[in-house]
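Excluded from the calculations below are hydrogen atoms, water molecules and symmetry mates; all remaining heavy atoms, backbone and side chain alike, are included. Predicted, not measured: the structure shown is a model, and the values here were computed from it. Quick note on labels: first sequence line is chain A, next is B, and so on, each numbered from 1.
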Amino acid sequence: MNAVRGFKDILPKEAKRWSHVEARAREVFYSFGFDEIRTPVLEKTGVFTRGIGEHTDIVEKEMYTFPDRNGESLSLRPEATAGVIRAVIENKLHASSSLLKLFTIGPMFRHERPQKGRLRQFHQIDAEIIGTSAPLSDAEVILSAWEILSGLGVVDARLEINSLGCPLCRPVYREKLNAFLHGIQAHLCPDCQRRSAANPLRVFDCKQDCCKEALRQAPVMKDHLCADCAGHFERVLAYSSAFNMPFTINPYLVRGLDYYVRTTFEMVSARLGAQGTVAAGGRYDGLVTALGGPDLPGVGMAVGLERLMLLIADKDGGKGNGGLFVAALGEEARKRAVSLLHSLRKTGLAAQMPYEEGKGLKAQLKEADRQGASFALIVGENELETKKLILRNLVSHEQQEVALDDNTAVTIRELAS
RNA sequence: GUGGGCGUAGUUCAACGGUUAGAGCGUCGGGUUGUGGCCCCGAAGGCUGUGGGUUCGAAUCCCAUCGCUCACCCCA
């Protein structure tokens, strides 16, 4: 038996780092005033088809979709936003507060061929601000991702921002782009010829040199924004600068999900291979209504946890758990040691002792070392007699005596932390 | 869904078509009494991914299959 393709075990050493990263993200979110929300990984398929868009690749060929026993179509979530919005609408969260700042952390599922930085079950740190279209909210969402990355020592990710316009100005621009693409069809790769018909904006994603060259003179959305969108974009950039986030405007930055309008952004690292995007997001003012809710604007972002882990993989990695290892010698001492072990843990100290009876001191210290303990407490017949235990620092090799009385656990807690 | 690369011990890797498939690291044991790491000695651990084929003989060559991996598409 082995795990399903594209599904990975997160082993203890790795899981420790994950907890650390998640804790860092929570810190950032709470400092921004976000509240956590946890939604199911499984939703009715319609949540995603209506939210993300029927004709996106995610919905058309990447979702884990299957009929429930009653025949209803269900899907594992391929991204977080649609489910969060569904939860907001269903629970009428917008009714008790006109502004919602929510974050969630958890697994997402897409049926793609796995490669570096891409799995079928992957994890995202996700944030949404719902109820305002003010430019500062865009900048804050971006900043939250920025703070999570920089707080973890990721310094080589660059921030790229663009505006995709709105339902007023994008169609006008799209016509212009179509006209341009029509003129250069012959210079485009086969993929882009297909794209230019289906979703013209996506030709800007193409990595082929011939297309990049051909598109050099193409009109870009940024230059064709309506007055409202242009003003919004300008303010987002101004706030981003005020937050001290160095960014570059990438007029070719487009996103794959239908719901994005206006602000869109990515944080990209060169160290991730073909999947360089470690965080991304944007504004989705029409999404709430598309899912049957009131007309609420929103902006959100997602950080790819696996990709983030790849960027910080070489950090820390200190083995062991620190903590204290209790070594007992003799049956009487072992009884005493067990109850002391219990008291030590109640003081908040991480403490363990060998399960097997009758081990020699040497063997017990060896085990302590292998467990990565920082301290060893020696409880032997001699120590019981003199009522003085030996506390050994396994790192510095220093030993000291600790009186065996009612206060022993607390004393050790002081000395061994 | 489409391509390329790779499958040998727990792990990282060796082994010209030719005896019993090896090494480092890790694991376990030992180096005598109550002091770990370092060092020394020893042990366990393999259907060479799987199934066919070529050959006197296959880890090695060929085919298929499965798996991993990287890339395309697309995306976090």
Side-chain angles (χ1 to χ4, degrees), chain A residues 2-6 8 11 52 55-63 77-81 105-127 145 148-149 157 189-192 194-195 198-199 202 205-208 253-257 260 265-269 272-282 300-311 319-320 325 327-330 333 354 359-383 390-399:
Chain A
N2 45 14
V4 176
R5 182 185 184 79
K8 279 277 197 313
L11 302 175
I52 298 168
H55 301 294
T56 55
D57 275 28
I58 290 181
V59 167
E60 277 185 348
K61 54 181 210 188
E62 292 172 4
M63 276 210 296
R77 61 183 184 190
E79 56 99 49
T81 306
I105 301 175
M108 309 295 157
F109 306 85
R110 292 182 199 174
H111 193 110
E112 305 178 274
R113 277 289 271 279
Q115 65 190 77
K116 187 181 174 73
R118 167 188 292 165
L119 295 170
R120 289 185 172 179
Q121 175 178 332
F122 62 103
H123 298 75
Q124 289 185 337
I125 298 170
D126 182 88
I148 289 169
L149 299 202
C189 69
D191 271 340
C192 283
R194 183 176 53 73
R195 285 196 191 98
N199 190 350
R202 300 215 64 90
D205 267 347
C206 189
K207 290 158 191 162
Q208 303 282 329
L253 179 61
V254 280
R255 314 250 64 243
L257 287 66
Y260 283 121
F265 78 96
E266 285 191 358
M267 289 177 195
V268 184
S269 167
L272 289 174
Q275 270 64 47
T277 304
V278 65
M301 69 86 181
V303 176
L305 257 171
E306 279 80 4
R307 293 181 186 180
L308 177 54
M309 298 311 297
L310 287 173
L311 289 178
K319 65 155 202 169
F325 197 91
L329 293 158
K359 280 187 139 183
L361 182 59
K362 188 191 191 79
Q364 296 189 58
L365 286 176
K366 198 173 252 183
E367 184 172 340
D369 192 55
R370 273 196 292 253
Q371 291 291 324
S374 303
F375 288 87
L377 182 69
I378 300 169
V379 186
E381 316 274 318
N382 301 347
E383 285 73 21
I390 297 171
L391 180 65
R392 179 175 176 82
N393 184 322
L394 294 173
V395 179
S396 70
H397 310 191
E398 285 162 6
Q399 299 193 162

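For the P atom pair drawn from B:A21 and B:G34, the interatomic distance equals 43 Å after rounding to whole Å. Taking atom P in both B:U8 and B:U50, the straight-line distance is 10 Å, to the nearest Å. Going from the P atom of B:C25 to that of B:U60 covers 29 Å, rounded to whole Å. With both ends at atom P, the span from B:G37 to B:G30 equals 13 Å, rounded to whole Å. A distance of about 16 Å separates the P atoms of B:G49 and B:G67, rounded to the whole Å. Taking atom P on both nucleotides, B:U54 is separated from B:C62 by 15 Å, rounded to a whole Å. Nucleotides B:C6 and B:A76 place their C1' atoms 27 Å apart, quoted to the nearest Å. A gap of 49 Å separates the C1' atoms of B:C68 and B:U32, to the nearest Å.
Following rounding to the nearest Å, A:R307 (CZ) and B:C70 (P) show an atom-to-atom distance of 12 Å. Between the CD atom of A:Q399 and the P atom of B:U35 there is a distance of 10 Å, rounded to whole Å. Rounded to whole Å, the distance from CG on A:L361 to P on B:U35 is 6 Å. Counting to the nearest Å, the C1' atom of B:U35 and the CD atom of A:E398 are 15 Å from each other. Atom CD1 in A:I390 sits roughly 9 Å away from atom C1' in B:U35 (whole-Å rounding). Atom-to-atom, CG of A:D369 to P of B:G36 comes out at 10 Å; the value is rounded to the nearest Å. Between A:L329 atom CG and B:G36 atom C1' there is a gap of 14 Å when expressed in whole angstrom units. Residue A:L119 contributes atom CG, which lies 14 Å from atom C1' of B:C70 at whole-angstrom precision.
Remark: A:E306 engages no residue in a salt bridge (Lys or Arg N to Asp or Glu O under 4.0 Å) (not counting sequence neighbours). With sequence neighbours excluded, no residue forms a side-chain hydrogen bond (donor to acceptor under 3.5 Å, both in side chains) with A:R307. With sequence neighbours excluded, the residues forming a side-chain contact (heavy atoms from CB on, under 4.5 Å) with A:Q399 are A:I390, A:R392, listed by chain and number. By the salt bridge (Lys or Arg N to Asp or Glu O under 4.0 Å) test, A:R118 is found to be paired with A:E112, residues two or more places apart in sequence or in another chain being considered. Not counting sequence neighbours, A:N382 has no partner by the side-chain hydrogen bond (donor to acceptor under 3.5 Å, both in side chains) test. Legend: residues meeting salt bridge (Lys or Arg N to Asp or Glu O under 4.0 Å) with A:K8, ordered by chain and number and at least two apart, are absent. In this view, A:V59 and A:T49, A:I52, A:T56, A:M63 satisfy the side-chain contact (heavy atoms from CB on, under 4.5 Å) rule, not counting sequence neighbours. Among residues two or more places apart in sequence or in another chain, the salt bridge (Lys or Arg N to Asp or Glu O under 4.0 Å) test is passed with A:K362 by none.
Using a 4.0 Å heavy-atom cutoff across all strands shown, A:E367 reaches no nucleic acid atom at all. Counting non-hydrogen atoms under 4.0 angstrom, A:A279 reaches the backbone sugars and phosphates but no base. Using a 4.0 Å heavy-atom cutoff across all strands shown, A:G117 reaches at least one base atom of the nucleic acid. At the heavy-atom level, A:A280 lies under 4.0 Å from the strands shown only through sugar-phosphate atoms. Across all strands shown, A:H397 has heavy atoms under 4.0 Å from base atoms, whether or not it also approaches the sugar-phosphate. Within the 4.0 angstrom heavy-atom criterion, base atoms lie near A:E383. Residue A:D126 is classed as having no contact, given no heavy-atom separation below 4.0 Å to the nucleic acid.
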Dump every N/O contact between nucleotides 24-33 of chain B and the protein below 3.5 Å, one line per pair.
from	atom 1	to	atom 2	distance (Å)
B:C28	OP2	A:R370	NH1	3.0

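Atom OH of A:Y260 is separated from atom CG of A:L253 by 10.5 Å, given to the nearest 0.5 angstrom. A:Q275 contributes atom CD, which lies 4.0 Å from atom CD of A:Q115 (distance to the nearest 0.5 angstrom).
Comparing A:R5 and A:Q124 against RNA chain B, the residue whose closest nucleotide sits nearer the 5' end is A:R5. Nearest-nucleotide positions on RNA chain B place A:L394 closer to the 5' end than the other of A:L394 and A:E62.
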Going 5' to 3' along nucleotides 39-48 of chain B, which nucleotides have protein heavy atoms under 4.0 Å from the base (write B), which only from the sugar-phosphate (write S), and which from neither (write -)?
----------
Where protein sits on nucleotides 1-7 of chain B, one letter per nucleotide: B base, S sugar-phosphate only, - none, heavy atoms under 4.0 Å:
BBB----
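A pairwise comparison of heavy atoms in A:L119 and A:G6 identifies CB-O, 3.4 Å as the closest pair. Of all the heavy atoms in A:K359 and A:P354, the pair that sits closest is CD-CB, 4.3 Å.
Among B:G34, B:C68, B:A71, the nucleotide with an atom closest to any side-chain atom of A:K116 is B:A71. When each of B:A71, B:A76, B:G37 is scored by its nearest atom to the side-chain atoms of A:Q275, the top-ranked nucleotide is B:A71. Nearest to the side-chain atoms of A:I378 among the listed nucleotides B:U35, B:C74, B:A76 stands B:U35.
Formation of a donor-acceptor pair under 3.5 Å by the A:Q371 side chain with backbone atoms of A:A368 is not found in this model.
Looking only at side-chain heavy atoms (C-beta outward), A:E62 and A:D57 come within less than 4.5 Å of each other. Side-chain contact check for A:L329 versus A:Q364: some heavy-atom pair is nearer than 4.5 Å. Side chains of A:V303 and A:L149 form a contact here, defined as non-hydrogen atoms less than 4.5 Å apart.
A donor-acceptor contact under 3.5 Å links the side chain of A:N382 to the base of B:G34.
Helical stems of RNA chain B (runs of at least 3 Watson-Crick or G-U pairs, donor-acceptor distances under 3.5 Å) are listed by first residue: B:1-7 with B:66-72, B:10-13 with B:22-25, B:27-31 with B:39-43, B:49-53 with B:61-65.
Look at A:Q115 and you won't find any side-chain N or O under 4.0 angstrom from OP1 or OP2 of B:C70.
Donor-acceptor pairing under 3.5 Å is lacking for the side chains of A:E79 and A:Q124.
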